[in-house]
Enquirer: 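My questions will all concern the structure given below.
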Amino acid sequence: MKLLFITHDAVLARAYKARLAREGFLVEHQSTGHDGLAKARQWLPELILLDLTLPGMHGLDVLKFIRDVPPLVQVPVVLLIERTLARDTLDQCLLWGAGSYLQKDLCSLDDVVDHLQTIRAASDHPPARSSAAS
Amino acid sequence: MFRRRLGRPSLDQLYQPLRLPKRSANRGGGFAKECARLRHWSYGITLTTAVATVIALIIRGWHDRFALEIIASTSVLAFLWAYLLARVSHHPYVLQHLDEVLWFNGAVLLVLVTVILSMTGGSLSPLFWAYVILIVVEGLQDRRRGVAVAWLSWASFCAMILGQMMQWLPDERTGVSPEARLLGVTRTWHVIGIAVWYGMLAIAVSIWARWVGRYEQAIRERQDALAERERAVESERTMAGQQTFQVNQSRRQLESERLRWEQDRQQWERQRAEAAQQLADQDHASAQRMRTDEERHRQLQALQQQYDEAQQVWEQQRTRTTKQLDDRDAALGERERAFGEAQHSFETQRSQTTSSLMELEATLLASLKRIGDETAQLEEKRQACETAEREFLTRQAQWTEEQARARQDLDTQMGGIAHEAQALDRVKEAFAQTQQRALAELKQQQEEAHERLARVQAAEHKFQTRQQHADTQQAQQHATLDQHESALAQRAAALDATAKQLEHDTQACEHAQSQAEALRQDLQQRTTALEQQRAQLATEQHVLEQERARILDETRHQEQHLDARAAQCAAQEQALDALRTQVAQQVTALDARQRLLTEEHAQWERQRHEAARALTAPRGFFVQHARRALQAQARRLREEGREITQQRKALALREQQVEQRTLELTRIEHHTQVTRQAADTERGRLLQQLRARELELAERLRDVGNATRQLDTERAVLEEARRQLETSTRAKSSQAQEQLRAQAEELRVTRRQLEHAQRAFAEDQKAYERASRAWHEDKQRAEQTTAKQVEMLTAQRLALEERERQLSQEREALEHAHGRNSAQLAQQEKQLTTRLRQLEEREQQLARTTHELDEQQQALDVQRQQHSQGSVVGEQELAVRLEQVTVIEHQLDADRGDLQRRREQLDDDRQRLQEQQHQLETTQQQVHTARRSLADASLHHAPEPVSSETATLLANEFNVPLASLNALLSTLLQGDHGTVPPPLREALQDVVSTHERLRRIVSDVLDAARLEASELPISIQPITLHDLLIPIEQEIEPACLHKGLTLTREGNDALVVDVDVPHARRIVRAILHNAMQYTVRGGVTVTCSTEHDGVIVTIADTGVGIQVGQLGQLFAKPKLGSLLRGKGMSLFLARGLAKAMGGDLTLITSELEAGSTFAVTLPKSTLAPLQPADAPTLAEAPSSE
């Protein structure tokens, strides 16, 4: 599964990349919102792990731009947030179609991997049409 | 003595728990040490008991059964005691009560030694050194115990003397001590001397213990003072570091703000340039549009010219066609004339033929007359002639018939011709009539066309006037546009001037900023100088610390040296004891030998007597033999006596050596005392040096304080300068804003004017369009009428052609009729055919001309269509251009809105900048005050605690990098980056545990801050106590089992509570973890019960309890220092969380060494519990229902 990881935290990126590569994900890392968007347009990932704290373009804006690209409209986006993130921003992100979020300062790496594997399993075996419609 | 340092101080010692007593601070390392102490005691007792038992047995045991029993039982008891000590040395209870055990051990050993002494000579026993050994060992281990044992041994010695004096102890068991014998004093004086010696020893030990205690206390006080000093210096350094960090941060913020301002300015400049560019582009576009309009106008003119030309051509063609028609009419007249001529010639030819026929009749009549004449002549030929005549008659009849028929035909033809001539006359008349009518119609149409042409010319004139009007308007608009452009250029020039002024201002600002930068650099230099001074101070402090360490090392070395000396003394004493025992053994051996010798001597005497008696008897060989044997024996005895004397000499030498050794010992003791005094003086000197250094340090710190004060004053001056600069920049910025606003208003006004002009232009263009449309409609109408006329003409032409065709058919019929009659007619017919061919050629020419006309008309139509298409395309282009104009206007509006928004944003940013500057000022003031307080504190040596805001800020900053580090560590440990070797894995585990603790502290600080700000999200749900408690118990249970503690749950755990499950678990986990950590034996009990409308979970332990002084601060928010020193935030957070959920956390009871009981009150639920599922960190987004 092609996973695009957009974060400015190089240490986190290294850790996640190593672990997710071992779990069978094809991971690409970009450190800014602009680079991430360019990569997403070009590479068309199947899952996007987006850190909201980004330099320059904010993660919410990145999410909006991702939703503007037609092939990326249905791609699940998992947000990485901090526990001190404002609730309004999170609500806006969810309105803009972020599927789920993880608190990176509270979650362990195993939690993150489990969550991403759940999403991968769901995308490998998509639910029935009725449930998707609901 | 048995001091052994731990390899690595446990990190847990840094987080010493609040209620941990001081005594058991480093229990983990202490147990091993105490075990080793007990083991050493056991070995010492075993060894000493073995030696003492042998000595006691040598002294008394062999001769006295009672003494043997007592000594044996005592030694057995001592061995048993040693075994017991070795056996229980690992028992935690014994290790916990080690002091008491050691006291008991001292008492037991004292009793045993006393028993052995009483059994081996009481006050005169050579084993009295055992007391000395015991006193020395106890004294070296514990001064108080040493003093106590010394006085007790003195007392027991005195009791033994008393017992001996009171005859409680039998005299014969006491014996005489060899020392007494050697010294030659009486027993009483010897006993008194030993008692006095013991008393002096006890006094000396007590004095020594007191002196050492004072010395140690002084050293401890000095160490405490140094540690406090170190802490103070460290805290000052950390404070200074934090403040420099804050100052640097604020400087960085200022720098970043400046950069952002610069960026904003550049962006604004860029936007201005872009707007100017856009304006220029729009001007260029409008100019281009004007040019294209002109071109189109030119094209229209060209088209109109083409149209006029086409019309002229059409007119020419029309005239040509009318001419051709006239020609054709003329040709037709000519043809009619030719036809008349032909008819006339035909008539003449007919008359000629009739005349020739008459002549032929006349000739025939003449020939008939000749024949009548010749009938006679030709009777033979008459038959032939008759046949010929018959034939001729038949032929004549035929001819006559034919002639009659021809005459009839001719008559009919003549009639037909006359009829045809009549018809032709009728047709001619009709043709003339139609021609007249057509000519009249043509005239009418020509008149109409002339009228229409006049109308068209009038419309054209009108159009031209309108166009001229439009041109003038356009010229006016161009003029206004030029004016606006010139105004815009002037405004742009003004803008450039203002920009230049702004640049000048910015240059001035930059100059001021560079000045500020220079000042800042100066400040930085000063701060670096200060830091250098600080570093110098730190190096000096380091030197001091090194010196202190050196002094401590020296003292330690001296202590070790003393210890070594003491050990040497002990060894020498042991050697002396051994020598003494050896001497005693030798003495006893000598005594035994003497006894043997005396017995032998007695035997020898008896043998001599018997020999003498035998000598009195008969002598002989036997007598000689016996004499020789006796002489040999006497020689042997002499040799033995020599040996004995040699041994005695050796013994005397040994005794002299022993005396020398004792003298050496006293000398060594003296030397040690001297060295100790020297060490004391050295220590005093070093302490004086230390004091002097400290005074120097204080002076330096004062100097540093003065320097910092100077720095502060300079900083204040700098701040004033900066404030002035800021005010000037503000004034300049306000001026620039006003100028900008004025320019913007002017720009708006010009834009409005431009819009008005554009609207007027658009209206003119619309009018022009309307006029052009009307003109086009007129043109179309004229074209339609012309087309109708052309159609009518074509219809007339077609009718004419039909008539011509009819005429040609009639002509052809006539020709056919005439052709059959005669060859002349054929010639006429040929002529007619040639004429007809000519006619046909003319007709073809006419057809060609009509075809050309049609083609020309088609071309005209095509041109007309092209023209109309061109006009449509032009209209479309115009519409597109208008749309473009509207779009550009929209864009302009949008740009204007954007500019407005950006201006608002800039205003907001400016306000924010001002606010931030204000904040910066306030923070700088805070820094200033903090610096002042730091300076005061450095003078008063009282560091202030770090504020909780700073702690929260730091925790917030650390939170995310720590989480990232955690992820990286976990991947490292799980081998995601390659295999990890075991030593590195252990080190990584240590890093992970430390990191976890750090994360917990940061998380606690953050959660505490959020809890205080009421930002911590709480989601209440019902859950049973069993479901709430079971995961925590499963977590804690392994650690409990490891420590040998019990974990029990009591009460009704099916009660349902309304809580935030993770928070509630956090509360219970914190208390259970504390209870397990501070409980050594017993266990932890969790009790569930209800009270009023709440559920109470009571957690009771049998741990060390909480000290009374710390009960008040148990749930208080810890300061940063105390947080780092060990007091966690868990209880503060737990209580806060409990209160946030509507519950509480209280301490019910706490007794030292008996345990504590905490009660967690949780709100009782009225609902059924949900399934236990909690995911505090992982939350799915709500579904989009």
Side-chain angles (χ1 to χ4, degrees), chain A residues 5 7-23 27 51-53 63 76-87 90-116 118-119 122 127 131-134, chain B residues 256 260 263 952-953 955-980 992 995-996 998-1011 1013-1019 1062-1063 1066 1174-1185:
Chain A
F5 185 22
T7 183
H8 189 57
D9 194 341
V11 176
L12 195 73
R14 182 186 287 271
Y16 276 32
K17 210 172 166 181
R19 182 66 193 279
L20 291 171
R22 207 183 67 172
E23 295 295 331
V27 186
D51 193 340
L52 271 194
T53 314
L63 180 65
V77 176
V78 179
L79 300 176
L80 278 182
I81 62 165
E82 298 167 22
R83 80 176 88 174
T84 50
L85 182 76
R87 184 76 208 175
L90 185 59
D91 288 338
Q92 269 196 325
C93 286
L94 296 176
L95 271 178
W96 272 95
S100 52
Y101 62 88
L102 298 162
Q103 292 189 335
K104 65 177 172 182
D105 51 347
L106 289 177
C107 276
S108 69
L109 190 53
D110 292 326
D111 294 336
V112 175
V113 168
D114 288 345
H115 186 62
L116 293 179
T118 318
I119 291 172
S131 63
S134 70
Chain B
S256 65
R260 206 160 57 183
Q263 281 174 357
T952 312
L953 188 75
N956 209 358
E957 288 294 318
F958 286 161
N959 185 24
V960 177
L962 282 174
S964 308
L965 201 57
N966 185 33
L968 189 64
L969 281 171
S970 78
T971 53
L972 271 175
L973 272 178
Q974 289 181 354
D976 288 338
H977 299 274
T979 51
V980 184
V992 166
H995 177 77
E996 275 300 322
L998 196 59
R999 256 188 97 190
R1000 208 181 311 129
I1001 288 171
V1002 167
S1003 180
D1004 284 350
V1005 169
L1006 265 182
D1007 281 344
R1010 291 174 79 199
L1011 193 68
S1014 305
E1015 286 175 358
L1016 200 67
I1018 290 168
S1019 61
H1063 290 341
R1066 197 169 177 181
D1174 59 324
T1177 57
L1178 194 140
E1180 289 286 328
S1183 60
S1184 58
E1185 62 254 353

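Below, chains carry the letters A, B, ... as their sequence lines are ordered, and counting in each starts from 1. Predicted, not measured: the structure shown is a model, and the values here were computed from it.
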Enquirer: Counting N and O atoms only, with roles assigned by atom type, does the side chain of A/Arg19 sit under 3.5 Å from a partner on the main chain of B/Ala967, one being a donor and the other an acceptor?
Expert: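 Absent.
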Enquirer: With a sphere of 6.0 Å drawn around CZ of A/Arg14, does it hold more than 12 non-hydrogen atoms of other residues, nucleotides or ligands?
Expert: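 Not buried by this count: 12 neighbours or fewer within 6.0 Å.
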Enquirer: Can you tell me how far the CG atom of B/Asp976 sits from the CG atom of A/Leu109, to the nearest 0.5 Å?
Expert: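 Rounded to the nearest 0.5 Å, the CG-CG separation comes out at 7.5 Å.
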Enquirer: Evaluate side chain to side chain contact (heavy atoms under 4.5 Å, CB included) for A/Arg83 paired with B/Asn959, printing each intermediate quantity in order.
Expert: CA-CA 10 Å; A/Arg83 80 176 88 174; B/Asn959 185 24; 3.8 Å; yes
Enquirer: Would a 4.5 Å heavy-atom cut-off, applied to side chains only, mark B/Val960 and A/Thr53 as touching?
Expert: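 Of all side-chain heavy-atom pairs linking A/Thr53 with B/Val960, none is under 4.5 Å.
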Enquirer: So what's closer than 4.5 Å to chain B heavy atoms on A/Arg22: side chain, backbone, both or neither?
Expert: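 Side chain of A/Arg22 only, per the 4.5 Å heavy-atom cut-off to chain B.
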Enquirer: Heavy-atom distance under 4.5 Å between the side chains of A/Asp105 and B/Leu962, does that happen here?
Expert: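 A side-chain contact is absent here, since even the closest heavy-atom pair is not under 4.5 Å.
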Enquirer: Under a 4.5 Å heavy-atom cut-off, does chain B meet the side chain of A/Leu12, its backbone, both or neither?
Expert: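 Its backbone and side chain both get close to chain B.
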Enquirer: If you look at every heavy atom in A/Val11 and B/Ser964, which pair is closest and at what distance?
Expert: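 Looking at all heavy atoms of both residues, the closest pair is CG1-O, 3.8 Å.
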Enquirer: Do you know which of A/Ala10, A/Ala18, A/Ala13 has the most heavy-atom pairs under 4.5 Å to chain B?
Expert: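 Option with the top pair count is A/Ala18.
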Enquirer: Pair B/Gln974, A/Asp110 - check side chain to side chain contact (heavy atoms under 4.5 Å, CB included), show working.
Expert: CA-CA 11 Å; B/Gln974 289 181 354; A/Asp110 292 326; 3.9 Å; yes
Enquirer: Might you point out which heavy atoms bring A/Lys104 and B/Ala963 nearest each other, and give the distance in Å?
Expert: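 The pair with the smallest heavy-atom distance is O-CB, 3.4 Å.
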Enquirer: Per the salt bridge (Lys or Arg N to Asp or Glu O under 4.0 Å) rule, what does the pair list look like for residues 956-967 of chain B, sequence neighbours excluded?
Expert: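 Listed by first then second residue: nothing to list.
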Enquirer: What do you reckon, is NE2 of B/His995 surrounded by more than 12 foreign heavy atoms closer than 6.0 Å?
Expert: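 Yes, the 6.0 Å shell around NE2 holds more than 12 heavy atoms from other groups.
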